[in-house]
Amino acid sequence: MFKPALTGVRRGRLFPNMSVPALVSRLVALVTLYLTLVCLGSTAKAQHPTLIQNIDGRKTTSLDGLWRVIVDPYETGYYDYRYQPSRDGYFKDAKPKTESDLIEYDFDTSETLRVPGDWNSQRERFLFYEGTIWYKKSFDYKKPANTRLFVYFEAANYVADVYLNGEKLGRHEGGFTPFNFEVTNLVRDQGNFLIVKVDNKRRRDAVPTLNTDWWNYGGLTRSVKLVETPATFVRDYSLQLVKGSLNRVGGWVKVDGVKSAQKVAVEISEAGITQSIQTDAAGFAQFEFDAKLDLWSPEKPKLYDVAIATETDRVHDRIGFRSIEVRGSEIVLNGQPVFLRGVCIHEEAPFRGGRAFSHEEARTLLSWAKELGCNFVRLAHYPHNEAMIREADRLGIMVWSEIPVYWTILWENPDTLANAQNQLGEMIARDRNRSSIIIWSVANETPLGDARLQFLRKLIEQARTLDSTRLISAAMERHYVNGRTQMIDDPLGEYVDVFGCNEYVGWYDGLPEKADTLEWKTTYKKPLIMSEFGGEAPYGHHGPVTRRWTEEFQENVYQHQVRMLKRISFLRGTCPWILMDFRSPRRPLPNIQDFYNRKGLISDQGEKKKAYYVMKQFYQELQTNPSAGRVP
Ligand code: GCB
């Protein structure tokens with residue numbers, strides 16, 4: 001949810017002939033009304049039309065590093081004692097003017113936290129903290145004439161209220177997608193202070209809702225940047241192969257600024273392409289052109305240098321071109337059927353724990369997946385940081401990306417839907433030019449029902465409108481029709497391109513051998529990705545194969561799973577749960593879990609468990625013979 005603040009109230013126009021005290025009191029009333037509206041969650045639902053595309057292709061100044069923070073569990077810095085939004089909140093960064101002044105906070109002598117970074121993993125006493133922390137960063141910025149300046153947040157979990165120099169820029173809801181605010185008219189050469197209130201309290205009506213099986217890492221979990229652009233600049237663009245084609249590129253450009261109607265060139269110089277287009281008065285232009293390109297694939301992840309040039313701006317990107325389709329039960333990449341050898345990954349940092357955010361961590365996780373034999377990853381259960389997607393582009397790993405519509409969302413609440421739609425829109429806006437992403441997934445393990453179906457259909461329609469080229473999926477429900485047949489006939493199946501299905505046969509559902517007796521059926525002729533399966537064992541915990549929590553038990557789950565998976569004729573992908581152990585508040589078992597979900601094939605310290613090798617061998621077989629052992 002992105003809500004820019006109201007700005008620019010001018011005395012002369014709005015309040016003619018008003019005395020100064022009357023004017024002040026009117027302004028106070030207005031501000032209070034506004035803050036109340038923001039607090040109550042006003043209904044203005046912007047579709048992030050303002051997100052700047054390809055932030056790394058821009059001139060940026062990092063605001064990462066140490067930020068001053070104030071922990072505020074009662075939100076004293078936001079509400080007064082009547083629980084009304086306060087005019088003199090911490091965002092004012094007030095200082096005593098005389099020695100008798102009463103001000104009960106001081107950012108400049110408060111403790112610090114690193115940004116990017118969740119707070120939970122930075123201080124022992126914040127491990128379980130869910131609430132508000134205020135962040136403050138001071139900076140100077142000499143903005144050249146004829147430029148614009150934005151502050152860009154790669155993500156803040158979960159609600160962020162943002163203020164520059166005491167003025168509210170806006171509020172953003174949703175913990176895993178980027179947002180930006182323009183600060184051109186507020187920034188000054190010296191002494192700027194950016195204050196962000198970040199609140200990660202879980203809410204029943206939020207997305208995700210109260211109940212998840214992952215850690216609710218709070219804070220400015222990803223980088224914060226100042227982005228400088230020309231007065232008129234390329235705000236957004238899309239470039240992909242047209243659906244169903246291997247040699248025709250389609251897309252659009254959106255120019256923003258006073259000179260929005262102008263000539264734009266789309267250049268792929270390595271392929272000898274320069275396409276000229278003209279934007280309309282709203283700054284928008286669409287294009288399509290023929291192009292003979294080396295297609296992006298896991299075997300050859302070719303990326304082209306693409307430039308979008310206007311009279312006033314030039315932005316570079318690295319873009320791969322590939323097609324992805326479904327034909328009957330096949331998933332078809334660049335015209336060839338493909339089996340998705342995948343693994344699920346949470347955005348958790350190897351070795352150190354906490355939310356991952358860096359290219360280095362992305363490379364570690366994705367190279368572990370490659371070593372396992374993967375050509376595909378499911379980035380669960382929310383949009384991961386952009387470095388993951390950029391590295392997947394480079395390494396040639398196809399990606400399933402999803403929003404945190406997980407378990408028990410409030411299907412009938414229009415605000416919950418708007419929130420999910422906004423997060424879906426922001427995910428697609430950020431990553432629509434990344435060739436690695438082949439699937440947008442709209443939900444995980446959601447209970448059957450009419451309200452749920454209507455909710456998810458709206459998300460699917462939205463995803464198709466925003467991006468006609470990728471496949472849509474969801475991890476869906478299945479059920480037993482007798483003790484031996486697993487049936488996939490979730491009504492949502494009609495609307496997706498590919499089924500996702502999570503099953504824990506051998507772990508939550510019977511013992512490992514149960515898998516040998518099962519048959520899988522579906523009422524649809526669509527490909528299936530087994531999007532989760534597995535079992536838990538801490539690395540190094542050994543014992544008899546029949547003893548739960550041992551590596552041997554986990555290995556046995558995988559052995560029986562693999563045999564079962566090979567018998568599913570419409571299976572076109574597998575994503576075991578999960579690459580690496582991750583923190584979860586739902587996993588307290590002492591000496592085994594200790595608040596970690598231990599279903600990793602690899603421990604959080606990078607140690608490979610026995611089950612890892614079962615999966616690796618299956619993927620080796622599939623690499624040499626994509627239909628290895630599977631029934632036709
Ligand atoms: C699931 C969920 C996943 C959990 C996993 C588990 O079905 O989709 O988020 O972590 O099971 O380990 O139980």
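Indexing begins at 1, ligand by ligand and atom by atom, following the structure's order.
Checking Phe582, Tyr504, Tyr508, Trp214 one by one against Trp577, the ring-ring contact (aromatic ring centres under 6.0 Å, His included) holds for a single residue, Phe582. Of the listed residues (Ser435, Pro298, Pro301, Cys374), just one forms a side-chain contact (heavy atoms from CB on, under 4.5 Å) with Met398, and that residue is Pro298.
Ranking the protein heavy atoms by distance from atom 4 (C) of ligand 1 puts Asp213 OD2, 3.2 Å first. Among protein heavy atoms, atom 5 (C) of ligand 1 sits closest to Tyr504 OH, 3.4 Å. Remark: minimum distance from atom 12 (O) of ligand 1 to any protein heavy atom is reached at Lys599 NZ, 2.5 Å. In this structure, the protein non-hydrogen atom closest to atom 8 (O) of ligand 1 is Glu532 OE2, 2.7 Å. Looking from atom 13 (O) of ligand 1 to the surrounding protein, the closest heavy atom is Tyr508 OH, 2.4 Å. The protein atom (non-hydrogen) at minimum distance from atom 7 (O) of ligand 1 is Glu445 OE2, 2.3 Å.
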Could you walk me through whether Arg222 and Glu386 pass the salt bridge (charged side-chain N to carboxylate O under 4.0 Å, His left out) check?
CA-CA 10 Å; Arg222 299 182 191 159; Glu386 196 175 343; over 6 Å; no
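Contacts of Asn444 with ligand 1, taken as heavy-atom pairs under 4.0 Å, involve the side chain alone. Proximity of Trp214 to ligand 1, defined as any heavy-atom pair under 4.0 Å, is not found for any part of the residue. Residue Asn597 touches ligand 1 through its side chain alone, judged by heavy-atom distances below 4.0 Å. At a 4.0 Å heavy-atom cut-off, ligand 1 does not touch Trp507 at all.
In this structure, Phe357 has its ring center at least 6.0 angstrom away from the ring center of Tyr217. A centroid separation of 6.0 Å or more is found between the aromatic rings of Tyr558 and Trp507.
At a threshold of 4.5 Å between non-hydrogen side-chain atoms, the residues Arg457 and Leu453 count as touching. Side-chain atoms of Val377 and Leu365, non-hydrogen and from C-beta on, never get closer than 4.5 Å to each other.
For ligand 1, the atoms closer than 4.0 angstrom to any heavy atom of Phe582 are 10 (O). Residue-ligand proximity, Arg587 to ligand 1, at heavy-atom distances under 4.0 Å covers atoms 6 (C), 12 (O), 13 (O).
Among all heavy-atom pairs drawn from Ser531 and Gly500, the shortest one is OG-C, 3.4 Å.
Of the options Arg586, His346, His381, the smallest heavy-atom separation from atom 3 (C) of ligand 1 is shown by His381.
Using a non-hydrogen distance threshold of 4.0 Å, Phe533 does not register as a contact of ligand 1.
Using modelled atom types, no side-chain atom of Lys610 and backbone atom of Gln554 make a donor-acceptor pair closer than 3.5 Å.
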